[in-house]
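Whatever order the structure lists them in is the order used to number ligands and atoms, beginning at 1.
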Amino acid sequence: MEGTKMSSLLAPRTALPPNEVLGSILTSRSVVHADGTAAQLHSETSGEECAAMYQFLRENPPDCAIEIGMAYGVSSLAILTALEENKRGELISIDPYPPGFDHIRQSALLAIDKAQLAHRHRHVHAESELALPRLISEGIRPDFVYIDGHHGFDHAFVDFFFADRMIPVGGTIAFDDSQWRSVHRVIRYLVKHRHYEEINVGLQKSFASANIVNHAYKRIQNRFGPSRYFRKTDDWKPPSNFYRNF
Ligand SMILES: C[S@@+](CC[C@H](N)C(=O)[O-])C[C@H]1O[C@@H](n2cnc3c(N)ncnc32)[C@H](O)[C@@H]1O
């Protein structure tokens with residue numbers, strides 16, 4: 001991997017964050033809406049990823065964390081549980097919840113409330129491409145950014161662009177769904193053109209695919225999931241004329 005190196009190899013960490021609300025959502029794979037009706041969980045950060053993220057944040061306690069993409073609040077609960085145990089830090093979750101999806105926002109906020117973690121949490125009800133520059137001008141400087149919002153290449157890249165502007169050297173950016181072609185492209189850029197080191201948080205590499213051809217293609221591209229973590233090692237970025245002669 002050009003420009004990055006893999007840091008400390010850790011044993012797989014599978015223990016879920018110690019949080020009853022999160023545990024019950026993940027084991028039942030269901031969530032409760034504000035009106036009391038239940039719905040099936042979907043598109044969430046997996047139990048293993050939550051466990052790895054929780055452990056990482058316990059070992060690397062942030063003062064401020066940002067997550068892009070809150071949905072039903074699964075990753076929010078994993079992050080907030082770590083912050084609460086650390087006894088420091090706040091989480092800003094960014095998610096626009098388009099019209100028709102407000103019940104999901106309410107369900108996430110309800111779960112966070114029920115877990116008694118709301119005092120460490122703030123939800124920014126906007127698209128990340130608009131919210132992140134506003135947070136920059138407010139002087140917000142997160143140590144950890146989790147990118148799990150709109151998964152199109154342009155959106156994932158813009159999320160990375162602003163996250164990179166916000167975090168200090170030593171800060172970490174994590175990508176969910178790193179095996180998606182769109183997200184992988186952003187990671188390839190980061191690896192090749194920025195100074196980050198990949199952190200092994202104990203997650204098993206997966207090239208899982210719907211068919212054998214895709215599986216082989218992913219292996220050739222070294223395109224794997226689930227989440228991948230990158231720590232910024234210095235502030236270098238290509239100057240504006242860097243690509244002139246390529
Ligand atoms: C995969 S889900 C997030 C799952 C969540 N991290 C969890 O573990 O439960 C993706 C979320 O991104 C949100 N999203 C879509 N476009 C976005 C954007 N432009 N900015 C921020 N979030 C966005 C969607 O509303 C959706 O809730």
More than 12 heavy atoms of other residues, nucleotides or ligands under 6.0 Å from CZ of Arg165: yes or no?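 Atom CZ in Arg165 is not crowded, with 12 or fewer foreign heavy atoms closer than 6.0 Å.
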Are more than 12 heavy atoms from other residues, nucleotides or ligands located less than 6.0 Å from atom CD of Gln106?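 Yes - once you tally the heavy atoms of other residues, nucleotides and ligands closer than 6.0 Å, there are more than 12.
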Return a yes/no value for [X]: is any of its N or O atoms, backbone included, closer than 3.5 angstrom to an N or O of ligand 1?
X      : value
Pro98  : no
Asp95  : yes
Ser128 : yes
Asp148 : yes

Around [atom], find the nearest protein heavy atom and jot down its residue, atom name and distance.
atom                    : result
atom 8 (O) of ligand 1  : Thr45 OG1, 2.7 Å
atom 12 (O) of ligand 1 : Gly149 CA, 3.3 Å
atom 23 (C) of ligand 1 : Pro96 CD, 3.4 Å

Once you restrict to heavy atoms under 4.0 Å, what part of Glu129 touches ligand 1? Side chain, backbone, both or neither.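 Only the side chain of Glu129 comes within reach of ligand 1.
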Which segment of Ile68 sits under 4.0 Å of ligand 1 when only heavy atoms are counted: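 It is the side chain that touches ligand 1; the backbone stays farther off.
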Using 0.5 Å steps for rounding, measure from the CD1 atom of Ile199 to the OG1 atom of Thr172.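 Those atoms lie 4.0 Å apart.
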Can you name the residues that form a salt bridge (charged side-chain N to carboxylate O under 4.0 Å, His left out) with Asp235, not counting sequence neighbours?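 Salt bridge (charged side-chain N to carboxylate O under 4.0 Å, His left out) check on Asp235 returns Lys232.
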Just checking His123 against His121, ring centres under 6.0 Å apart?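 Ring centres of His121 and His123 not closer than 6.0 Å.
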Please check if any side-chain donor atom of His150 sits under 3.5 Å from a side-chain acceptor atom of Ser128, or the reverse.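 Their side chains do not contain a donor-acceptor pair, so the 3.5 Å distance test is not met.
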Please state which option from Met53, His150, His42, His125 has its nearest heavy atom closest to atom 17 (C) of ligand 1.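 Considering heavy atoms of Met53, His150, His42, His125, the nearest to atom 17 (C) of ligand 1 sits in His150.
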Please state which option from Ser43, Gly73, Ser75, Ala131 has its nearest heavy atom closest to atom 6 (N) of ligand 1.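 Among Ser43, Gly73, Ser75, Ala131, the closest heavy atom to atom 6 (N) of ligand 1 comes from Ser75.
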Sequence neighbours left out, what pairs pass side chain to side chain donor-acceptor pair (under 3.5 Å) with at least one residue falling in residues 76-86?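 Matches after skipping sequence neighbours: Asn19-Thr81, Tyr54-Glu85, Arg58-Asn86, Glu67-Ser76, Glu84-His119, Glu84-Arg120.
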Is it true that Glu198 and Lys205 have a side-chain N and a carboxylate O under 4.0 angstrom from each other?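 Judged by the 4.0 Å cut-off on N to carboxylate O distance, Glu198 and Lys205 do not form a salt bridge.
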